[in-house]
Amino acid sequence: TGCAGAEQPGPAPLPSAASTPSAAASRATPGPTSSVPAPATTTGTTRSPVRWIDGSATGPAGEVQRTVRAYWSMVVRLAERPDPADPQLAALTIDPQQATLVRLFTSAKESGLSQRGPIFAVSGSPAVRGASAQTTTCLDQTFVKVYESSGRPRPGSSGGPTAFDVRLRRDGGSWKVSSASTRSTPCTVPR
């Protein structure tokens, strides 16, 4: 859903903290309102499944890894059906990432854009230090496309493998994503 504005004709990687929102998204937008999030899934949706290729971590890194997978699954779900007030935004993110996603999904909803297709992913090996953690994830969005409000795919909107530096902090007893920024180095997801 790096498709923050209709003016972007190229590939649409999932959003990161470095995403630039459109002018429509710059306006004040409502944040997540419900305090009861849907159960966190890590497998995306039927039309946009996420297949995690790497194994499961254990111990403190396992908890962080589950949060990272739930985060990306939520982002994929909201890219398909944008909802800037979705309660999982508050359950899985904190600012500045939460504000970035609210702006991005507000813009996508106002523009009538959606993004869908299968994603192959590697969640990485989380490094946990006290109340903070980080990992590098790789999402291969080769088969993902951006769809216009008419339902037609946007030409040239397929993505590719993208690496993200994901940072998390403990908040209210659970891990939450505080930033997810695109890395300039390439990544590979084995299939």
Side-chain angles (χ1 to χ4, degrees), residues 1-5 8-21 40-58 61-83 86 88-89 92-93 97 100-101 104-105 107-108 111 113-127 133-148 151-168 175-191:
T1 69
C3 52
Q8 294 179 337
L14 293 171
S16 70
S19 294
T20 305
T41 179
T42 61
T43 57
T45 70
T46 302
R47 292 167 67 177
S48 301
V50 179
R51 181 171 176 218
W52 296 100
I53 305 300
D54 54 341
S56 297
T58 58
E63 188 180 352
V64 170
Q65 185 187 57
R66 285 187 294 279
T67 300
V68 168
R69 289 177 175 186
Y71 166 81
W72 286 118
S73 182
M74 172 199 66
V75 169
V76 166
R77 178 176 57 80
L78 293 177
E80 192 174 298
R81 298 185 73 156
D83 179 2
D86 189 280
Q88 274 196 330
L89 287 166
L92 294 171
T93 65
Q97 190 64 14
T100 298
L101 292 178
L104 188 67
F105 293 130
S107 177
S111 302
L113 298 176
S114 68
Q115 180 174 306
R116 60 185 177 272
I119 296 172
F120 295 90
V122 174
S123 52
S125 300
Q134 66 181 43
T135 190
T136 300
T137 60
C138 183
L139 304 178
D140 185 346
Q141 302 172 80
T142 301
F143 303 108
V144 175
K145 292 187 183 220
V146 174
Y147 291 84
E148 303 285 351
R152 287 190 296 257
R154 180 180 279 178
S157 67
S158 294
T162 306
F164 293 88
D165 282 326
V166 181
R167 297 187 185 280
L168 302 93
W175 289 104
K176 295 186 180 181
V177 174
S178 59
S179 71
S181 55
T182 308
R183 293 184 82 177
S184 58
T185 56
C187 66
T188 331
V189 177
R191 287 193 237 157

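Computation of the quantities below employed the complete heavy-atom set of this structure, encompassing side-chain atoms and omitting hydrogens, waters and symmetry-equivalent molecules.
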Practice item. Determine, step by step, whether Leu89 and Leu78 satisfy the side-chain contact (heavy atoms from CB on, under 4.5 Å) criterion, reporting the C-alpha distance in whole Å, the side-chain angles of both residues, the deciding distance to 0.1 Å, and the verdict. Key: CA-CA 10 Å; Leu89 287 166; Leu78 293 177; 4.0 Å; yes
Check your understanding: According to the salt bridge (charged side-chain N to carboxylate O under 4.0 Å, His left out) rule, which pairs have a member within residues 66-75, sequence neighbours left out?
Key -> Asp54-Arg69
Check your understanding: Is there a side-chain contact between Thr42 and Trp52 (heavy atoms, below 4.5 Å)?
Key -> yes
Check your understanding: Atom CD in Glu63, atom CH2 in Trp175: separation rounded to 0.5 Å?
Key -> 7.5 Å
Exercise for review: Flag the pair Tyr71 / Leu101 as yes when at least one side-chain heavy-atom distance between them is below 4.5 Å, and no otherwise.
Suggested key: yes
Revision key, fill the gap. Contacts of Thr188 meeting side chain to side chain donor-acceptor pair (under 3.5 Å) (sequence neighbours excluded), chain-then-number -> none
Exercise for review: With side-chain contact (heavy atoms from CB on, under 4.5 Å) as the test, would you mind laying out the steps for Asp86 and Arg77 before giving the verdict?
Suggested key: CA-CA 10 Å; Asp86 189 280; Arg77 178 176 57 80; 2.9 Å; yes
Check your understanding: For Gln65 and Ser56, which heavy atoms make the closest approach, and how far apart are they?
Key -> OE1-CA, 3.3 Å
Check your understanding: In Å and rounded to the nearest 0.5 Å, what is the CH2 to OG1 distance from Trp72 to Thr67?
Key -> 14.0 Å
Exercise for review: Mind checking salt bridge (Lys or Arg N to Asp or Glu O under 4.0 Å) for Arg167 and listing every partner two or more places apart, or none if nothing turns up?
Suggested key: none
Check your understanding: Just wondering, do Thr93 and Met74 contact through their side chains at under 4.5 Å, heavy atoms?
Key -> yes
Practice item. Could you tell me which residues satisfy side-chain contact (heavy atoms from CB on, under 4.5 Å) with Pro190, sequence neighbours excluded, listed by chain and number? Key: Ile53, Val122
Point to revise | Contacts of Ser125 that satisfy side chain to side chain donor-acceptor pair (under 3.5 Å) - sequence neighbours left out | key: none
Exercise for review: Scan side-chain atoms only and decide if Thr41 and Thr43 contain a donor-acceptor pair under the 3.5 Å cut-off.
Suggested key: yes
**Study point:** Matching residue for Phe164 among Thr137, Thr136, Val68 - test: side-chain contact (heavy atoms from CB on, under 4.5 Å)
**Key:** Thr137
Revision key, fill the gap. side-chain contact (heavy atoms from CB on, under 4.5 Å) test vs Ile119 passes for just one of Asp140, Leu139, Val75, namely Leu139
**Study point:** Ser48: side chain to side chain donor-acceptor pair (under 3.5 Å) partners, not counting sequence neighbours
**Key:** Glu80
**Study point:** Any side-chain heavy-atom pair of Pro161 and Thr142 under 4.5 Å
**Key:** yes
Review point. Any side-chain heavy atom of Thr162 sitting closer than 4.5 Å to one from Gln141?
Key: yes
Practice item. Give the minimum heavy-atom separation between Pro153 and Lys145, together with the two atoms involved. Key: CB-CD, 4.0 Å
Exercise for review: Take the angle between the ring planes of Phe143 and Phe120 and call it parallel below 30°, perpendicular above 60°, tilted in between.
Suggested key: perpendicular
Review point. Are Leu113 and Glu148 close enough that some pair of their side-chain heavy atoms sits under 4.5 Å apart?
Key: yes
